[in-house]
Structure formats: C-alpha cells, structure tokens
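Pasting a structure below so you can have a look.
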Amino acid sequence: MSFSISLTINGTRRDVLLEDARVTLLDLLRERLALPGTKKGCDRGQCGACTVLVDGRRVNSCLSLAVTLDGAEVTTIEGLAQGDRLHPVQAAFIDHDGFQCGYCTPGQIMSAVGLIAEGHAGTDPDRIREGMSGNLCRCAAYHGIAEAVQDATRRMAAEDERASA
Amino acid sequence: MPDTLPFATRFGSNAGQPVSRRDGVAKVTGTATFAADNHPEGMLHAVYVPATIARGRVTHLDVAAARAHPGVVEVITPANRPLLEGDPEAKHFMFAFRFEALQDDTVRYANQPIALVLAETLEAATEGARLLDPRYEAESPRVGLDGNTPYTVEVGAFGRRGQTVHGDVAAGHAAAVQSLDVTYETPAQYHNAMETHAVVAQWQGDQVTLDMPNQAIVMSRGAYGYYFGIPAENVLIRSPYLGGGFGSKAIPNGPTVLAILAARMTGRPVKLMLRRDQMFGPVGHRGATRQRLRIGIDAEGRMTVLDHESLATTSTFDDFVESAANASQGLYAAGALRSAHSGVRVDTGTPGPMRAPGEASGSAALECAMDEMAERAGLDPLEFRLRNYAETEPGTGLPYSSKALRECYLRGAERFGWAKRPLQPRQMRDEDGMLVGWGMGTALFHAPMFQAQARAVLRPDGTGLVETAAADMGQGAWTALAQIAADSLGLPLDKVEFRSGSSDLPDGGVAGGSGHTATAGGALHAAGRDAIDRLAQIATADPASPLFGAGNKGVTARDGRLFVTDDDSRSESYAEIIARAGGSEVIGTGSAARPPEQAAKHAMYSHGAVFAEVKVDPDLYQMRVTRLVGAFAAGRIINPKLAESQLMGGMIWGISFALHEEARFDARTGRIMNADFAGYHIPVNADVSGLEVITVHEDDPHVNALGIKGVGEIGIVGTVGAIGNAIWHATGHRIRRFPIRIEDLLRAERG
C-alpha cells in the first residue's frame, strides 16, 4: 500500500509518494528528501536533535509519522537562513559559541526559534534554560546556548520594533 | 624545541585570539556533513541485531522470516558471514580491542551484535532485524563489582602502571597522628555522544571509502586494512566532523566492521547507524570502580601517606582497567604514596577511554577523601590542600614543567568567595530555606603528546594551504589548529586554507588524551616554519630581492611578507618572492612528538581548582548545583573562547558524574535497564547555571614548542569531588557512592 502526501518544506511544496507507512518525518527528510541537516540522536523523542517546526510548532520529527502530516508546513534547519543571511538565532549561536561538535545544533536552533515564537520565556534565563531542556547536548554547550537564545530574543524583538516603526 | 632557526615567524597574531568557530556557519545551517548524512546512490541500510542476553549462545534466528520481509536484501549471521582477513580477536596494534563480528554464536555481553540485516530502506531493515526473533541458551550473567573474583592488575589501561609505590607506606601509616580509611564507588558510564557511531562504506575493487566519525583517522586506516586484508593506502576515511567522541570513536568495533563487510558482500554502499540503545555495549564505556583511600596526616596536617586502591570492572575477554588510583600519583606531597589496581571480569563490553579515563573516577574519590581528612583535622579544605602542595612531583621528585595551581586555588577561591565558608556543615540557608553547601576539588590531568605530521604550502598568490588529518569532535580543531598554522606561516587566518579530517592527508595523530592541539598543532607549526625557512632561503640568496644578504640577521614573516628582522623598510611579499623564483609553490613539512629525554626531565600536567555551590531541599533532598567556578592552568591557550567552552563542557560532565549518570544492570539478565536518554540521565540546560571559567596563564618552555597543555579533560576532574563535598557541607551527609541520589540523602537523614 502506498500513500500520497503533500508537504510544504521550507517554503517549497513537495509531493511525496510513500510506499511505507512506517516512515517518520525525520527519516523522510534525511533518507528520501536529501535534507540531512535534521539529526537523529535517539529516535524516540528523548533528545531533541531532530526538532523541526511543523505548522510553526516545534516537534520531534522522529516521533511524527510522515503519513500523518499531509498538508503540513515544515521548517527545517536548511530553511532558516535567507541566502547568506543567517537567522538571528543562527548568528547568536556562533557568537556565543552555543555548540561544540554541532550535532545537536540544528535541533537546538529549531527549538530556540520555536521557543522564541511561543513567547513564554522572553529573556528570563531560567525560563530559557527550562524551555530548552528538551534538547540534550552531550558536549554541554548549555551556557552558550542559553546566552545565544537570550541574545537572539533581544535581536529579534529589536528587529520587530524597527519593522513596525 | 629550541628557537635557534635564523628565520623567525611573528607568533601570536592569530593564536590567543577568541576567534569564532570556522565551521560555525556549516554547523548552524545544517550543511556540516556528518557520516550518516551521506547517501550514495544504490545504498543499503544496515541494522544490527543486539543480543538480549549477557552470557551464553544464540541457538536460533528466524532468517527465513527476515528474508521474506519486503525490502530485505541480505541477512548476515555466523552461518553465512564472509571471511574476515584479520582476526577480530587479535590485538594487532595498541588501540585494537577484541570485538564480535559474527565469528561464532557466543554471546559475551548484552547488545553485542548477533546478526546484521540489510535492506533497501531503514524501515525494512529495522523490521527484518525484529523478525529474526533470536532464541538463546543463556548462562547466569556476572555483573557489578562483586560479580567475579578480583585479580591484580600489573599493567593498566594504555600501559599505565597497575601497582606503584613511592616511599615507605607502612611507616607513613605508623607516623600518622590522624588517619582516614574510606571507600567510594563510581558506576559504569557510557559515552553517548549525540551522534551515535555510524559508517557509510563503499567499495571499489579492493579499495574502500569509509565516511565515519573517527578520532584517530590515519591510524584507523591500517586497522581496517588489517581486518579486510588490504593495504592501509586502500582505505580512505573521511571524518570531517564528529558529533562528539569522548574517547569512544578512536577504536574499531564489531558493528562498524560488519557494515564494511556487508558492503563488500553485497557490492553496494552500506550505511549503518547505531540506535541509541546500541551505544550501551559494543563501543566502550567507563568501568565501575570501588576505591579505598587511606590517608594519614601529622600534627601539622601534612600527609604522611596517601594509599589509594581501586577495583574496576572490565570485560571477560579483553583488558581495560581504569587507572583510577593513579589520580593520587601526581598531586599531593604525601610522605609515602601507593596506587594499586585490581580488576573484576564481568559480562559487559570492554571498557575504554572515556573523557579523563582514570582521573575522572580516581579524582572523584580522592578529592572527597581529602575533604573528609580536612574535616577530621579541623582544617579548611583549601588550607589542607595548600599544606600538602607539591613543589615537585611526589614520588619521582621531578620538577613540574610549569604549575600554576596555587594561583588557580587563590583566584578561584577569591572569585567564589570561599573565605566566607563556615567550617562546619549545614550552616547556610538561602532565602527560600534551601540548605546551601560549598565544596572544592583540585583538578589534575597529564599533558601528553602523541605523534603527528603536517604539510604547509605557500602558494604563488601568497596564500597558504596547510594539511593534517586532525579530528574535530567539537573541541575546535578546525579553528585552533588553523590559528596555529596561520601564525607559523605569518599569514592572517583568512589567507590560510586548512585541510583536515581525511586519511589521505598527513597523520594528525589521535584526538584524545587532551593532546591533540599540542600534537597536531606542533606539527603544523613545524611545517609552517619549514615553508617560511625555505622561502627565506630563496629570498636572501636572490640579489634582486630587498632581503638579499639578510641571512645573518634573519628575517621575520608577517602579514604575507618577509622583513629583515631589524629593518622594517626592507621587505617583500611572499607572492613577489615566489614569482621571481619561477612561480612554484614552496612546500614545508613538519612533525611533532615529545622527545623521551624531555619527558624524563619534567612532570607535565594541567592543573585546576573547582569550587561548587549546591542547594539542597531540606524536605525533598533534591540537589542543584547553583554555582561552579573553575580556575585552570593549562599552558598556553590558543583560542580562549573555545577553550572556555570545552572547560565548561568538562565541568558539566562533572555535574553529570556527581549527580546524574549511571548505567544500571539487571542482575538476572545482565542487561542495562536504562539504555536510553529517558533512563540514563545527563544534564539538561536547566541543570546548569552559574558556571564560570578562569584560565590562569602559564608560560611553559618545556612541555612543547608551543607551550600547550590541553583542556579537553581536566574540567571533569576536580568538579565531581567539589560537588560531593558541597553536598556534605550543605547537609552533613557524606555519600560515598556516585551519582549521589535523593534516596541516598533521605536514607542518611533517617539514619
């Protein structure tokens, strides 16, 4: 049995014919759509390395079956920068050294983008740390990650203010 | 290396700067290609079947069911496994560990591979592996520190001594006015890099390309060549990025070898990526330890004896025993020193080096025992350590190549506010009524060098190219090594191309032991100097050059030009010199290793002091580390930004060791009960706050040409003890088993 779904991934509509209902969104991205930026760390929703945005919400793509996502809008790490211009969260991760090996980084960044959009944490460091605690980092770049999210939140607020002024 | 060459390079323009990671953009945009991101045409997915018993043999696999599953292409079991030319049980080089590659039906530990399924899709391979439904003849497993009869270890991990005695230990015990005899336990821990072990293997005839994370890129060529009966040159290992390593990715293992074998068998590229639960078995771990520490002091609080015994778990079929007791060898000026190791063989995979092997476990026990001794003597723990400060290496009497530990103590203590610490426990509360405790620990890690080679090229356009097969697993090799190379070539960083992470480049040595920057950096430095030396010889011998005849005075290389050393008005660009000489590249080569005579003259260590604050809920006994200040002296720091990150990462590993990590074995099955991130806890972001790192400058003319010691492992070393001691100080309870758990404190509270 095969399944036909249509997704918008990073702004581009993709029609996907799936021959297998067991395919997760993570494995669809990585193994079938040549988007390996999203990483597999545990495959059971415990580490956050596979975090992407689905319809604007952060989800563990390893726990999402692709066939359930017909019509969804998906943003992955590959869709964040605009050409050479990095997203403020990406730039802040570099400035604050919010990663070492870089493997959990796509998930951390997508999670941070989601967290900032949720608007619950603001620039409160404790809330940022709590809100980022679904994303494990074994190198333990947590200090830089928390700083980067705080800084990016400020940068994005300032940009929004400029845009609305 | 003495600085006697007539041609100097200006040093320090790039090194020492807090440059952001050069691979930063690739890593934040998802374009950094990790091994499993590769997907060659026609690739098969491999899934290995892990044993669900810890000891016995496999009696049945339902191969027919697996083969019948749509998409399954091949099932490899001991019955049809093609020949391996090299014996997986052979110890054919220093980093060779015995492993299971389906040589027979024996099960030596849980999660060992017992079959490999290949399929067109990952989903089909996963289902095929499940359908094999193995049956076993199980024997009763041996687990834990009491699982078998201990044996004495003469040679520990990586050739470190198993039994060391300096001075008269019996006399030291007899001379003690006060003494301590305590036993600490540390658990088995698993590296769990976020990127699980992975390989994409592609054969072309008798040549194989392996995309895999690897901490020892060139060395591994020979190892894989051995197993597959091909010369090392026929193996190309590409490891541009490692998603963490921590010691586990330097050593060949069974699943990886099976995937490479499967690619040769099927004639198609094969990808294998371990599942998270499969990381708890065939790819190394830190063995559990039980350590007995006996300390004696005289009336002035000076140690008459430091007697450290360690029992550690290892596998039934190979040898790797944590050198935990050796943590007591280089640090305190005890009158007599003894370190003794024994091992116990249990049904687990073989342990291996895991971030700060030996020292992490050994220091955890030592630093807590030091605190207990200080408590008994009525001394402040820092004062007690200062009274036992070693001016020369205890036991050997060797001078330290450099040792700014005293400054680490003082600066760390000052920053932390240690002077206000009450001597007695359970004296401090915060505004919310939480019990507050302060503890400290000393950090020590040896500063080794391995062997590395490098090549440096000055191109006709005046830019540079440097090459060495170094490994960046997050420590920042791509950046720090390029900084060193740029300085050695007298070029700004953006004028130097740095090629690394591939086995067709000069050998960058092993990324481990905190020695990679010193070793690969040393080779790059030497190669760059060699290239500049050759360029300078061309220029100073050329009558048309403004540098002609400057050989006696020497020239200096900076910003892409050579200058007469004492006359800045006489200079010429690299491009001009090369153009007049015919336009060919100027090529330099270099290598680095520590000469044995140098190693015999000095004791070489990084040092540090860590101060911890914990808060403990007086009703629930939840523990939180609220402040952690580490002051470290590790020679010359090439990139302060990245070094600070690495030290913080190490300190958080210390939090993890003290409060979180532990593999728990089921005594009935021998399986690990918590082989996933829900049960095997590591810190999350909310567990970490109030972290501060201070780096104390050291000039070290002896350790190596660049004065580098390394920062990869020392962060974990003092931190574990500091946290354990802070918990005692907060609660008055001394927990002698890591990780310290809520139930330990509750039990202690109830007496």
Side-chain angles (χ1 to χ4, degrees), chain A residues 19-20 22-24 27 30-32 34-47 49 76-78 80-81 84 86-87 89-91 93-95 97-106 109 125-126 128-146, chain B residues 20-21 23-34 36-39 45 71 121-124 126-127 191-196 241-246 273 275-276 472-476 641-642 644-646 648-653 656 676-678 682-689 691:
Chain A
E19 75 291 353
D20 197 325
R22 298 168 298 191
V23 179
T24 63
D27 289 326
R30 289 184 53 79
E31 304 296 347
R32 288 169 166 83
L35 289 168
T38 305
K39 297 294 184 263
K40 183 179 285 189
C42 71
D43 222 15
R44 46 174 72 181
Q46 295 167 348
C47 79
T76 73
I77 191 72
E78 289 96 340
L80 222 47
D84 287 341
L86 295 179
H87 185 282
V89 172
Q90 292 174 312
F93 265 69
I94 296 177
D95 292 347
D97 212 32
F99 55 93
Q100 291 179 34
C101 78
Y103 192 80
C104 73
T105 311
I109 289 174
D126 286 339
I128 289 173
R129 283 195 285 268
E130 192 67 38
M132 291 298 292
S133 284
N135 292 81
L136 298 181
C137 172
R138 185 57 155 164
C139 301
Y142 293 128
H143 179 84
I145 291 169
Chain B
S20 290
R21 288 173 199 272
D23 48 1
V25 171
K27 285 180 175 174
V28 302
T29 54
T31 52
T33 306
F34 292 86
D37 298 345
N38 290 286
H39 196 126
H45 293 265
T121 66
L122 180 58
E123 293 76 22
T126 302
E127 183 63 8
H191 303 77
N192 276 305
M194 291 310 299
E195 177 202 37
T196 60
Y241 305 105
L242 293 86
F246 312 114
M273 183 173 207
R275 291 198 313 251
R276 178 58 55 189
D472 197 329
M473 48 187 172
Q475 78 279 43
K641 183 172 182 171
L642 309 194
E644 188 176 306
S645 290
Q646 218 185 346
M648 280 191 182
M651 288 162 71
I652 295 168
W653 273 58
S656 197
D676 61 39
F677 280 139
I682 61 172
V684 299
N685 211 320
D687 292 313
V688 177
S689 63
L691 226 60

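Throughout, protein chains are lettered first and strands after them, A, B, ... in sequence-line order, and every chain is numbered starting at 1. Just the heavy atoms: all of them, side chains too, but no hydrogens, waters or symmetry mates, feed the values below.
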Which bit of B:His45 is near chain A, if near means a heavy-atom gap under 4.5 Å: side chain, backbone, both or neither?
->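 Looking at B:His45, just its side chain touches chain A.
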Against chain B, work out which of A:Cys101, A:Gly45, A:Ala81, A:Cys42 has the most heavy-atom pairs shorter than 4.5 Å and name it.
->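 Of the candidates given, the most pairs with chain B belong to A:Cys101.
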So what's closer than 4.5 Å to chain B heavy atoms on A:Ile94: side chain, backbone, both or neither?
->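 A:Ile94 touches chain B through backbone and side-chain heavy atoms alike.
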Is chain B contacted by the side chain of A:Ala141, its backbone, both, or neither, given a heavy-atom distance below 4.5 Å?
->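 Nothing of A:Ala141, per the 4.5 Å heavy-atom cut-off to chain B.
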Tell me, for B:Leu242 versus chain A, whether the close heavy atoms (under 4.5 Å) come from the side chain, the backbone, both or neither.
->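 For B:Leu242, the backbone is the part near chain A, not the side chain.
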Counting only heavy atoms closer than 4.5 Å, note whether B:Thr33 contacts chain A via side chain, backbone, both or neither.
->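 Neither part.
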Salt bridge or not for A:Arg32 and A:Glu19, using N-O below 4.0 Å?
->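 Here A:Arg32 pairs with A:Glu19 in a salt bridge, since their nearest N and O are under 4.0 Å apart.
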Which of the residues A:Pro106, A:Cys139, A:Gly37 is involved in the greatest number of heavy-atom pairs with chain B at under 4.5 angstrom?
->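 If we count pairs closer than 4.5 Å to chain B, A:Cys139 comes out on top.
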Please look at A:Leu136 and chain B and tell me whether the side chain, the backbone, both or neither of the residue comes under 4.5 angstrom of a heavy atom of that chain.
->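 Its backbone and side chain both get close to chain B.
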Is chain A contacted by the side chain of B:Phe34, its backbone, both, or neither, given a heavy-atom distance below 4.5 Å?
->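 Only the side chain of B:Phe34 comes within 4.5 Å of chain A.
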Which region of B:Gln646, side chain (C-beta onward) or backbone (N, CA, C, O), has a non-hydrogen atom less than 4.5 Å from a non-hydrogen atom of chain A, or is it both or neither?
->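 Its backbone and side chain both get close to chain A.
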Structural part of B:Ala678 lying under 4.5 Å from a heavy atom of chain A |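 Interface part for B:Ala678: both.
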Contacting moiety of A:Asp43, where chain B heavy atoms sit under 4.5 Å |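 No part of it gets close to chain B.
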Interface moiety of B:Ala36 toward chain A, non-hydrogen atoms closer than 4.5 Å =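 Contact with chain A: backbone and side chain both.
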Chain A contact via B:Met273 - which portion, at a heavy-atom distance below 4.5 Å =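 It is the side chain, since no backbone atom gets that close.
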So which part of B:Met194 gets closer than 4.5 Å to some heavy atom of chain A, the side chain, the backbone, both or neither?
->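 Contact with chain A: backbone and side chain both.
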What part of B:Thr31 lies closer than 4.5 angstrom to a heavy atom of chain A: side chain, backbone, both or neither?
->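 Contact with chain A involves no heavy atom of B:Thr31 at all.
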